[in-house]
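Proteins come first, then strands; the chains are lettered A, B, ... in the order of their sequence lines, and each starts at number 1. FYI, side chains are in, hydrogens and waters are out, and symmetry mates aren't considered; it's all heavy atoms of this structure. Fair warning: this is a prediction, and the values are worked out from it, not measured in the lab.
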Protein chains: 2
Amino acid sequence: MTTARTGAGRASPRGRRAARSTGDDRETAILATAERLLEQRAFGDISIDDLARGAGISRPTFYFYFPSKDAVLLTLLDRVTEEADAAAGDVLVRLAEDPRARWRELIQRFHETFGAHRALVLACAQVRGTNAEVRRLWAAVLERWVQAIEAAIEAERRRGAAPDGLPARDLAIALNSMNERVWYATFAGDGPAVDERDVVDVLLDLWMAGIYRDTATPPST
Amino acid sequence: MTTARTGAGRASPRGRRAARSTGDDRETAILATAERLLEQRAFGDISIDDLARGAGISRPTFYFYFPSKDAVLLTLLDRVTEEADAAAGDVLVRLAEDPRARWRELIQRFHETFGAHRALVLACAQVRGTNAEVRRLWAAVLERWVQAIEAAIEAERRRGAAPDGLPARDLAIALNSMNERVWYATFAGDGPAVDERDVVDVLLDLWMAGIYRDTATPPST
DNA sequence: GATGACACTCGACAGGGTGTTGACTGCTGT
DNA sequence: ACAGCAGTCAACACCCTGTCGAGTGTCATC
């Protein structure tokens, strides 16, 4: 509940690892079971008992590895956001090469990463409402991304490629928020949603409009 | 669970009303208690017993009025969306008068309505993840709004005020999604968010950029 | 080759929430 | 006077969570 947490929600003290691999095996088994079950039903309909049985252990034993069901999700979420960061790579620093293509690449990569783990991402979005830890982690991740986008927009403005306008931070927040909600609707498939095949181009179009105020290709180096 | 539902989640058959007002009194007392409690703690931390005691009845009696805790939220949500619809009024049909001012009015009115019931709106967004009824209701409301915006964009394009570009429906979905998520972050106050005083102008700016591709004032009649 | 330490396991319990049942009360119309 | 129904709740059955305590097997060390 107040653990500093980095990586996993381990209940016991550090220091095992090495030798006796059963422990880590079980942990990954729980994680795998969670991601598998998440593709079949909602997070709320998965009990700790389901997770435990899926990993071949009893419910009390589950608590040896994770302090709660939410902690499992948190670990999974941590993993996916790292994957997304890696997928994004350094496109933002290469923006000047060909802005539209680079922004598209960024959005496309995120789309692919989230799409590959849609069940998990959807579950996190839901749990975020009820779990403070997930909320905090997501807020921190989002803050990083917002800052990166903000810096990129400011760089584009400095080199004269993008006009001044809204504070770059507000623009970055709004665009990120749009992506998040649009992806959610697309992957969840309920309510009005953009078709999965079009979503990258729709988002890109609005990013370009918001940042460059124009659909014409912005100047490259 | 499979009731057609219109208005409220009544458990008993229709036909009481009139005379013996106690029934309706209790019902509104439950509703009022829910909205009050929602301002103090999260929906998940409010038990049916809290709602019942707040309304001066016992837990089983609660079930006489509503089939579940979620049904209370559903009724409240229905009420707020109606309020938002009323607040929006007919601004969209008067767009040509002064597009920017009318769009601003639309966004501003929604902002005020949601802001006035932020605790409720936040709770609904959370529960939407776990409750199919809330999800359906929200999807239906959103669909109405998306269609209205879509029609307005197409009208603007027909009169030559807005350029062609993205399919109007996709544009409408993306802009509505952006608003929803941005407001959520602003009202929830966790994670990166636009300041409440600026949020209407930030959203408006992106709507204008997305629809008219230009910050210059679009032509009025 | 006994001993202690520790990773790991689970049966059994306590607690808190939900939804249902069945009996009860008191109007209200006939 | 009485049938009927809105309205009420104590008590129950159920499910899920989290904890406690008593294990078991495997190491390193003496």
Query - Verdict with reasoning, A:Ile149 to A:Asn176, per side chain to side chain contact (heavy atoms under 4.5 Å, CB included) - result: CA-CA 9 Å; A:Ile149 302 296; A:Asn176 267 290; 3.6 Å; yes
**Report entry** Nearest listed nucleotide, side chain of A:Tyr63, among C:dT9, D:dT8, D:dT17
**Finding:** D:dT17
Report task. Could you state the atom-to-atom distance from CZ of A:Phe64 to P of C:dC6 in whole Å? Result -> 12 Å
**Report entry** For A:Asp85, all residues meeting side-chain hydrogen bond (donor to acceptor under 3.5 Å, both in side chains), sequence neighbours excluded
**Finding:** A:Arg144, A:Trp145
Query raised in the report: Quick one, which residues of residues 34-51 of chain B touch DNA chain C with a heavy atom under 4.0 Å?
Result: B:Ser47, B:Ile48
Query raised in the report: Could you give the CG-to-P distance, from A:Asp70 to D:dT17, as a whole number of Å?
Result: 10 Å
Query raised in the report: What is the distance from CZ of A:Phe62 to C1' of C:dG11, rounded to the nearest Å?
Result: 18 Å
Query - Results of side-chain hydrogen bond (donor to acceptor under 3.5 Å, both in side chains) for B:Arg94 - residues two or more places apart only - result: B:Asp90
Query raised in the report: Roughly how many Å is it from CZ in A:Phe66 to P in D:dT19, rounded to a whole number?
Result: 16 Å
Requested in this report: Measure the distance from CD on A:Glu27 to P on C:dT9 and round it to the nearest whole Å.
Outcome: 12 Å
Query raised in the report: Can you tell which of C:dA7, C:dT18, D:dT8 lies closest to the side chain of B:Lys69?
Result: C:dT18
Cut-off 3.5 Å, no hydrogens considered: what does the side-chain donor-acceptor table look like for residues 165-174 of chain A, sequence neighbours left out?
residue: A:Arg169; atom: NH1; partner: A:Glu143; partner atom: OE2; Å: 3.1
residue: A:Arg169; atom: NH2; partner: A:Glu143; partner atom: OE1; Å: 3.1

Report task. Ignoring hydrogens and angles, state whether a donor on the side chain of A:Asp190 or B:Trp138 is under 3.5 Å from an acceptor on the partner side chain. Result -> no
Requested in this report: Check whether any side-chain heavy atom of B:Asn179 sits under 4.5 Å from a side-chain heavy atom of B:Phe110, and report yes or no.
Outcome: no
Requested in this report: Tell me which residues in residues 52-61 of chain B put a heavy atom below 4.0 Å from DNA chain D, sorted by number, or none.
Outcome: B:Ile57, B:Ser58, B:Pro60, B:Thr61
Query - Interatomic distance, B:Asp25 CG vs D:dG7 C1' [rounded to whole Å] - result: 13 Å
**Report entry** For atom OH of B:Tyr65 and atom P of D:dA6, their distance in whole Å
**Finding:** 11 Å
**Report entry** Partner set under side chain to side chain contact (heavy atoms under 4.5 Å, CB included) for B:Glu196, not counting sequence neighbours
**Finding:** B:His111, B:Arg118, B:Thr186, B:Phe187
Query raised in the report: Could you go step by step and tell me if A:His117 and A:Arg79 meet the side chain to side chain contact (heavy atoms under 4.5 Å, CB included) rule?
Result: CA-CA 11 Å; A:His117 301 278; A:Arg79 185 187 290 181; over 6 Å; no
Requested in this report: Decide whether A:Asp78 and A:Thr75 meet the rule of one side-chain donor and one side-chain acceptor closer than 3.5 Å.
Outcome: no
